[in-house]
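Here the structure comes first, spelled out in structure tokens, and everything after it is commentary.
Chain letters run A, B, ... following the sequence lines, proteins first, then strands; residues in each count from 1.
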Amino acid sequence: MEVVDIDARAAKLGIDWSQDDQSEFDTGFGNIIVVDHLPVVPKEKFEKLEGVVKKIYNQLGVIKENGLWMPVDPDTKMTLGYCFIEFNTPQEAQNAKEKSHGYKLDKSHIFAVNMFDDFDRLMNVKEEWEPPQARPYVPGENLQKWLTDEKARDQLVIRSGPDTEVFWNDTRQKAPEPVHKRPYWTESYVQWSPLGTYLVTLHKQGAAVWGGADTFTRLMRYQHSMVKLVDFSPGEKYLVTYHSQEPSNPRDASKVEIKVFDVRTGRMMRDFKGSADEFSIGGPGGVAGASWPVFRWAGGKDDKYFAKLSKNTISVYETETFSLIDKKSMKVDNVVDICWSPTDSILSLFVPEQGGGNQPAKVALVQIPSKVELRQKNLFSVSDCKMYWQSSGEYLAVKVDRYTKTKKSTYSGFELFRIKERDIPIEVLELDNKNDKIIAFAWEPKGHRFAVIHGDQPRPDVSFYSMKTAQNTGRVSKLATLKAKQANALFWSPTGKYIILAGLKGFNGQLEFFNVDELETMATAEHFMATDIEWDPTGRYVATAVTSVHEMENGFTIWSFNGIMLYRILKDHFFQLAWRPRPPSFLTAEKEEEIAKTLKKYSKKYEAEDQDVSLLLSEQDREKRKALKEEWEKWVMQWKSLHEEEKLVRQNLRDGEVSDVEEDEYEAKEVEFEDLIDVTEEIVQES
Amino acid sequence: MTIECVNPEGLRFNQMKSSSHQTLETRMRPILMKGHERPLTFLRYNRNGDLLFSCAKDHTPTVWFADNGERLGTYRGHSGAVWCCDISRDSSRLITGSADQTAKLWDVKSGKELFTFKFGAPARSVDFSVDDHLAVITTDHFVGTSSAIHVKRIAEDPEDQVGDSVLVLQSPDGKKKINRAVWGPLNQTIVSGGEDAAIRIWDAETGKLLKQSDEEVGHKEAITSLCKAADDSHFLTGSHDKTAKLWDMRTLTLIKTYTTVVPVNAVAMSPLLNHVVLGGGQDASAVTTTDHRAGKFEAKFYDTILQEEIGGVKGHFGPINALAFSPDGKSFSSGGEDGYVRLHHFDSNYFNIKI
């Protein structure tokens, strides 16, 4: 069996054997370093030099007893200009190597430090440089093939029990059509890349991405042992992986390691190491690990910048060199939250009140890479702020919780920024009843409206606002308020216009499908105990799921956008459901509008197809039923004849009682019955 | 067309017309029969269908008028939960099996205790043979004894009754309960099912194990209930694996499987229409974690042939432990963990269900 065959077989069985091969063979010399470019000294000075070297390296790690060995030329008794140092652990050796490489002992002696294990490799480097062989270009698979599905269906991935499965959502067949299924595909969870090209799985050795034209093959692996979390850049050029290790001493912060990979080449572009505090700002996330995602990517497809928030600093990196912009972080005292515009490289940040209210809280917009502050607003007696960007980066809503005069309670309002307008005007919005608690807020994707759930549980109100109405282009205005709804979460369709007002958790999965254009409810439904709601990327269907946080009812239901239940799949131990995202359409906005107007022309074709399928289905259904009925009839016939055969024996058992008489007794009989009630004779006189 | 039903105790039936769901509600008012103080365990109609016998974890089996739900009388004498009962063909004798380690024979009319079969372990199920001359009784494993199936001869005259077993069958795994054992056609076989998920057919003469259900197609978890057709040709089993299965009684061929979302505690087959009913619910410990709206305590109706759910009857506020159809198929009753027996007379809509 050739290696290729083994590979194929392993892939079929879902075994990742090749990864095991990579784990390095431990030579046991991993804790030894070789220090070069030491001075060459005679015997008399040997001890002095040894002392100096020991002193240097004792600062960097614990040298094993007799762990320093400086060879001496047996003839001249002179040292050879290098030494071996054995540390207690490979980590210390690695650290010592990194820190002391290039150490200047004096002008002419600059240390060159290598790991002992690397020597073989370095020795094998050929003297002559050979130009690398140019490999012929092999076109790769079409990773976007799923978009060309004839029936224009969407894919979704689910995890239940040990299995991870990818399906087509086939609403015509009212059932999911399997694409790929694998037990133990991932060791924790799976995630689609933002444009849907890749599915990333997590393993002990690192992360892997899967994709391909027809089925899911492994495209690339990213080595990062014990990876816990992953995140893609929005243009899916880079993959960020995260690993944190609990400290052995519970008082220490846990160690965090983050790596940034180039998705296509698999090359690690940069890694960040440190304690958890460096990747978070104090908060409760600081102990267990950093708040994810640590690195927030600037909007847009370019994947140019990413930012990290830590105490009093914002570090913005650019991806050309993977270093800080202007080589330094931005100092912002006490900053607690940052948020990128989803489309531009504009960063919004929030600084809370300081000095007991002497210094007001601040929300600011900063242009990157220039770091110019575009707009800022000072806010007084603020307890907290939350920033919500609209998906096309046109508006920013800041929910501001302010203290009342007594400081005992808070009330909420909104500051609305119009990013795309001159000077970025800010508008203040307060709810009709400004004491209402705000339960949820959501922008209409790509739109100018937003929805707010406010008021008191258990029957809060839902209000819709628009940033520009026909009468009022420059001001926000309220469209409607729906009173007393059983809702605590909002789910806009990705195309806007429709929204699901959902009552999760305490409301046990109430769903209201609402049309915001017409301001009318299309349907109300319930998915009992639903925990998750997710629209498909086209806004045609929506999935509601009960995940394994509940013991019962696990599974998911697919609905149409207007609230008609299409099908339900029950799966025990249901963990995750995720629609495969679609990249944005290449059509211009005008073209899309044109299609929307002439939709009838296109829909005819699909309606015809729909009808064909439903005819076929009912035909199949009829045939199946017929077959089942016939099979059953056969059984019944057989039972009847056997029963007849045994009749005598049964009679004898019952002491001759004719036992089967009653069995006909309950057969339904239609009896026509005519009764003559009365007869009267009447003589009709001829006139 | 949807007729909304205000009465939460109504019967809900989905009319499946190829692909469109339609719900047809019928306003069937059940009769609530409150007589037991503990969860119900078993229900059985007599052959004429005028009497309904109920067993519960309290110690007194009760007989009711199957027509209006009026209580006719009780059978006092057991000192433990009563698990099962059976009525002779002529409705003169009642046999009950109880956790007090006895099975008792009663005179149905007078309520008089006629005989007590003593075992060293709780009696789990009882069943009269076709001729009422034999009874099969299963016992649980208990200190020193393993679960077993006993065949007793039932004397014509109670004076002549003896307690000796004609035949004793030992289950292969004596630690697992045998939840039900019934007579096969012509008393030639005994069919048993229990906690080890296997269905076994035994020779009633020799005690030889004739057939055992295939592990591949059979139940995966404990079998809780077993109900046979009137002509002894097939039977239905319910299991904790959330399915009910229909088997040929002679060949032990699996014919149908009905899948539901909760463990099945009780099953029944309509003698009139091609309907099977499954009742169940989760363990008592998990009951408080779900809402009654979850529909877990519904008696679910399935089309026998198509294996599709056609409707359900809500009402119990605990798992359903017992189900029985009246012999004419025009009413059925359910008994729940909540201690109630609910007696339903079907209305005309039920008989017009199209699927």
Side-chain angles (χ1 to χ4, degrees), chain A residues 172-174 508-509 526 528-529 546 550-555 564-568 570 572 613-615 617-622 624-625 627-636 638-655 657 659-660 662-663 665-668, chain B residues 16-21 47-49 89-90 129-134 156 185-188 229-234 242 246 248-251 253 255-256 259-262 271-274 281-283 286-287 289-291 293-296 303-308 326-330 351 355:
Chain A
R172 276 186 190 144
Q173 309 280 354
K174 296 211 185 290
N508 284 342
E526 185 187 40
F528 186 68
M529 301 308 259
V546 179
H550 295 302
E551 223 171 282
M552 308 293 293
E553 311 275 329
N554 277 203
I564 296 166
M565 194 188 109
L566 299 172
Y567 60 90
R568 165 173 290 189
L570 292 171
D572 273 351
V613 171
S614 83
L615 276 177
L617 273 183
S618 53
E619 185 60 34
Q620 282 172 352
D621 202 40
R622 256 200 301 280
K624 200 181 115 203
R625 280 164 180 238
L628 283 172
K629 285 234 153 94
E630 276 167 11
E631 186 202 11
W632 179 255
E633 288 303 323
K634 237 163 69 191
W635 277 108
V636 172
Q638 192 187 331
W639 290 334
K640 272 201 176 141
S641 69
L642 281 167
H643 196 67
E644 202 59 34
E645 275 173 35
E646 291 167 356
K647 191 171 176 175
L648 262 176
V649 189
R650 201 162 36 240
Q651 271 187 31
N652 287 339
L653 273 174
R654 286 176 179 152
D655 306 331
E657 185 193 340
S659 57
D660 299 335
E662 284 93 343
E663 266 145 44
E665 206 178 49
Y666 302 112
E667 237 170 59
Chain B
M16 314 275 283
K17 273 185 188 155
S18 63
S19 59
S20 66
H21 287 251
R47 183 156 145 276
N48 294 334
R89 207 171 135 81
D90 58 5
S129 66
V130 174
D131 51 3
D132 293 331
H133 292 333
L134 295 167
E156 200 92 12
L186 304 178
N187 302 346
Q188 284 163 353
D231 63 354
D232 291 351
S233 60
H234 56 289
K242 303 178 184 175
L246 190 82
D248 181 84
M249 206 157 194
R250 294 177 178 91
T251 61
T253 316
I255 302 174
K256 300 281 178 191
T259 311
T260 178
V261 291
V262 293
L272 186 63
L273 300 172
N274 280 321
Q282 58 279 70
D283 292 338
V287 166
T289 63
T290 51
D291 191 295
R293 277 179 299 161
K296 289 295 163 290
D303 185 280
T304 309
I305 304 167
L306 302 176
Q307 301 167 129
E308 279 170 25
S326 73
D328 62 1
K330 288 177 182 165
F351 301 101
I355 181 158

Reported CG-to-CG distance for the pair B/D328 and B/N48, which is rounded to 0.5 angstrom:
10.5 Å
Please identify, among B/Q307, B/K256, B/M249, the residue contributing the most non-hydrogen atom pairs under 4.5 Å to chain A.
B/K256
Whether A/W639 and A/W632 hold their rings parallel, tilted or perpendicular, with breakpoints at 30° and 60°
perpendicular
Spacing of B/L246 atom CG and B/I255 atom CD1 [to the nearest 0.5 Å]
5.0 Å
Look at B/D248, B/D232, B/N187 and state which one has the largest set of heavy-atom pairs under 4.5 Å with chain A.
B/D248
Side chain, backbone, both or neither: which part of A/D572 has an atom under 4.5 Å from a heavy atom of chain B?
side chain
For the interface with chain A, which of B/D131, B/N274, B/D132, B/L186 has the highest count of heavy-atom pairs at distances below 4.5 Å?
B/L186
Do you know which of A/R625, A/Q620, A/E619 makes side-chain contact (heavy atoms from CB on, under 4.5 Å) with A/R622?
A/E619
Value for CZ (A/R654) from OG (B/S129), rounded to nearest 0.5 Å, stands at 9.0 Å
Which bit of A/L570 comes within less than 4.5 Å of chain B, counting heavy atoms only: side chain, backbone, both or neither?
side chain
